[in-house]
Visitor: 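One structure is given below, represented as structure tokens, and several questions about it will come after.
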Amino acid sequence: MTETTHSPLKPWLGVAAITASLFVFLTTELMPVGLLTPVSTSLHISVGIAGLMVTLYGVSAGLGVPFIVAWTRRVNRRVLLSTLLAILTLGNVITAISPNYPLVLATRLIMGFANGVFWAIGVSMAMRLVPERHASRAAATVMSGISVAAVVGMPLGTILESLTSWRTTFLIWAGLGALVFLAVVAVIPSLPSTNAVSVREVFSLPLKNVPLRLVLFTVILFVLGHFGTYTFVRPYLEQSASAAPFFITVVLMVYGAGGAAGNFIAGYTANRNLRGSFIVGCAGLVMSMLFLLTIAGGQAGSIVTLILWGASFGVVQLCQVNMTQAAAPDTFEAAMSLNTMAYNTSIALGALFGGQFVDHLGVTSVVWYGLALTGASLLLTLATRRKTTRTVPDDALALARG
């Protein structure tokens with residue numbers, strides 16, 4: 001670990017800045033989920049086509065990250081994170097003022113590259129900032145940004161859109177990105193790259209590491225199913241429950257609160273039984289899809305469904321990161337770049353396939369699609385026993401931290 005500060009507070013301010021970075025990256029990625037209807041109306045496109053805002057963002061975030069992380073392996077991580085935030089801020093400005101949809105998609109494609117690189121380097125940066133005994137706490141703090149984004153970010157974006165417009169919402173998020181950029185510059189010390197590897201080494205990992213390969217397959221399946229359905233949750237609830245924009249905001253907040261609860265619960269249970277925690281969470285995703293099809297026709301049923309859905313996703317989200325670390329503790333940044341590639345590419349494909357189902361078979365069909373794939377992820381985990389969740393030795397964790 002590189003010790004560059006003397007104050008015990010400043011390292012944790014750096015961790016907070018990285019957590020805030022995760023918040024703005026994640027909310028920017030998923031913001032269109034709550035804005036699909038107004039965006040499609042404003043730009044005169046179908047809801048399914050509007051979903052490509054999520055798809056192309058995920059494509060670049062996923063496919064580009066192993067290459068960019070390897071090519072920037074000699075770049076100071078503080079400089080790299082600052083550059084990524086600058087790209088994100090400028091991209092949100094361009095999105096907000098774009099006169100047409102092709103420019104929106106091109107901008108989102110470029111922003112996705114920055115997003116993917118952040119996911120590969122963010123957690124390891126936070127772990128390096130603090131004393132070794134607090135590394136796990138720092139990583140958990142950064143990951144809590146996911147819950148904050150779900151509870152506050154996306155619902156706030158929906159509220160802002162209802163009060164102003166979707167363009168103003170992206171402008172506000174650009175301003176937030178600029179503030180986080182300034183925070184990173186101010187509080188994060190120099191962090192020379194220490195554990196990045198070449199492109200060839202990155203892509204050889206799943207060929208040699210069976211547990212990592214199984215984790216990646218599991219992640220692909222549940223992300224395809226989850227995001228394929230969740231991307232279109234607004235139009236689904238508008239059709240099945242006649243949901244108004246205010247109610248959509250409420251259920252997205254409920255979903256986020258459930259995600260925060262799921263993360264909190266998994267923080268305790270994953271340390272005791274990582275595989276069991278993931279299985280329970282994945283089973284909850286399957287049940288959520290079933291509830292969408294059966295009880296979500298009313299407001300009470302929708303709220304119950306979104307609570308279970310959010311809590312289940314909170315569990316599997318935290319568990320899949322821990323499973324990646326457990327499978328490849330001594331090549332953590334490289335393994336996370338592969339995880340990011342699998343995860344974000346699956347978000348993109350999930351949104352793409354979901355859009356095809358919505359446009360050609362109706363919005364209900366996308367729920368069956370999600371049910372099939374989350375169920376497949378659950379079955380794969382049950383079939384592979386404990387190969388995806390071996391224990392992380394202390395010395396290997398130290399190597400992962402660089």
Visitor: Under the side chain to side chain contact (heavy atoms under 4.5 Å, CB included) criterion, do Phe227 and Leu349 qualify, and how do the steps go?
Guide: CA-CA 9 Å; Phe227 282 101; Leu349 293 176; over 6 Å; no

Visitor: Rounded to the nearest 0.5 Å, how far does CG of Asn115 lie from OG of Ser21?
Guide: 11.5 Å

Visitor: Where do Ile279 and Leu378 come nearest, in terms of heavy atoms and distance?
Guide: O-CD1, 3.6 Å

Visitor: Between Met336 and Ile121, does a side chain to side chain contact (heavy atoms under 4.5 Å, CB included) hold up when you go through it step by step?
Guide: CA-CA 8 Å; Met336 279 304 297; Ile121 68 171; over 6 Å; no

Visitor: Is the closest side-chain heavy-atom distance between Val219 and Ser346 below 4.5 Å?
Guide: no

Visitor: Report yes or no: does Ser165 contribute a side-chain atom to a donor-acceptor pair with the main-chain N or O of Glu161 at less than 3.5 Å?
Guide: no

Visitor: Check whether any side-chain N or O of Ser60 sits under 3.5 Å from a backbone N or O of Leu109 as a donor-acceptor pair, and report yes or no.
Guide: yes

Visitor: Find out whether Leu35 and Phe170 are in side-chain contact, i.e. whether some heavy atom of one side chain is under 4.5 Å from a heavy atom of the other.
Guide: yes

Visitor: Could you check whether any side-chain heavy atom of Tyr236 comes within less than 4.5 Å of a side-chain heavy atom of Thr229, counting everything from C-beta outward?
Guide: no

Visitor: For the side chain of His360 and the backbone of Gln356, is there at least one donor-acceptor N/O pair under 3.5 Å apart?
Guide: yes

Visitor: Are the side chain of Ser377 and the backbone N or O of Thr218 linked by a donor-acceptor pair below 3.5 Å?
Guide: yes

Visitor: Do the side chains of Val280 and Val315 get nearer than 4.5 Å, heavy atoms only?
Guide: no

Visitor: Check Val93 against Ala174 and note the closest heavy-atom contact, atom names and distance.
Guide: CG2-CB, 3.5 Å

Visitor: CG/Leu379 to OG1/Thr374 distance, rounded to the nearest 0.5 angstrom?
Guide: 9.5 Å

Visitor: Taking the six-membered ring for Trp, is the centroid-to-centroid distance between Phe67 and Phe203 below 6.0 Å?
Guide: yes

Visitor: Pair Ile303, Ile307 - check side chain to side chain contact (heavy atoms under 4.5 Å, CB included), show working.
Guide: CA-CA 6 Å; Ile303 290 173; Ile307 290 175; 3.9 Å; yes

Visitor: Test your reading of the model: is there a side-chain donor-acceptor pair from Asn209 to the backbone of Ala327, 3.5 Å cut-off?
Guide: yes

Visitor: Got a donor-acceptor contact below 3.5 angstrom from the Thr107 side chain to the Thr95 backbone?
Guide: no

Visitor: Would you please classify the geometry between the Phe25 ring and the Phe118 ring as parallel, tilted or perpendicular, with 30° and 60° separating the classes?
Guide: parallel

Visitor: Relative to the ring of Phe313, is the ring of Tyr255 parallel (under 30°), tilted (30 to 60°) or perpendicular (over 60°)?
Guide: parallel

Visitor: Evaluate whether atom CH2 of Trp12 has more than 12 neighbouring non-hydrogen atoms of other residues, nucleotides or ligands under 6.0 angstrom away.
Guide: yes

Visitor: Test side chain to side chain contact (heavy atoms under 4.5 Å, CB included) on Phe181 and Leu88 and set out the steps.
Guide: CA-CA 10 Å; Phe181 169 85; Leu88 184 81; over 6 Å; no

Visitor: For Ala126 and Val15, which heavy atoms make the closest approach, and how far apart are they?
Guide: O-CG2, 4.0 Å

Visitor: Quick check: do Trp309 and Tyr230 have side-chain heavy atoms less than 4.5 Å from each other?
Guide: yes

Visitor: Evaluate the side-chain proximity of Thr305 to Ile295: yes if any heavy-atom separation is below 4.5 Å, no if none is.
Guide: yes

Visitor: For Glu29, does its backbone N or O pair with a side-chain atom of Arg108 as donor and acceptor, under 3.5 Å?
Guide: yes

Visitor: Got a second to check how far Leu212's CG is from Thr324's OG1, nearest 0.5 Å?
Guide: 6.5 Å

Visitor: Are any non-hydrogen side-chain atoms of Val39 and Pro32 less than 4.5 angstrom apart?
Guide: no

Visitor: Do Leu290 and Leu371 have side chains that get closer than 4.5 Å, going by heavy atoms?
Guide: yes

Visitor: Tell me the closest heavy-atom pair linking Arg275 and Leu382, and the distance in Å.
Guide: NH2-O, 3.2 Å

Visitor: Write down the atom of Ser82, the atom of Val184, and the distance for their closest heavy-atom approach.
Guide: OG-CG1, 3.7 Å

Visitor: In Å, rounded to the nearest 0.5 Å, how long is the span from CG of Leu205 to OG of Ser337?
Guide: 7.5 Å

Visitor: How long is the gap from CG on Leu129 to CD1 on Ile188, to the nearest 0.5 Å?
Guide: 6.0 Å

Visitor: When rounded to the nearest 0.5 angstrom, what distance separates CD1 in Ile172 from CG in Leu160?
Guide: 4.5 Å

Visitor: Checking Tyr101 side chain against Ile49 main chain: does a donor-acceptor pair fall under 3.5 Å?
Guide: yes

Visitor: Any sub-3.5 Å donor-acceptor pair from Arg77's side-chain atoms to Leu191's backbone N or O?
Guide: no

Visitor: Does Asn92 use its side chain to pair, donor to acceptor, with the backbone of Leu171 at less than 3.5 Å?
Guide: no

Visitor: Could you pull out the closest heavy-atom pair between Ala342 and Ile220, with the gap in Å?
Guide: CB-CG1, 3.8 Å

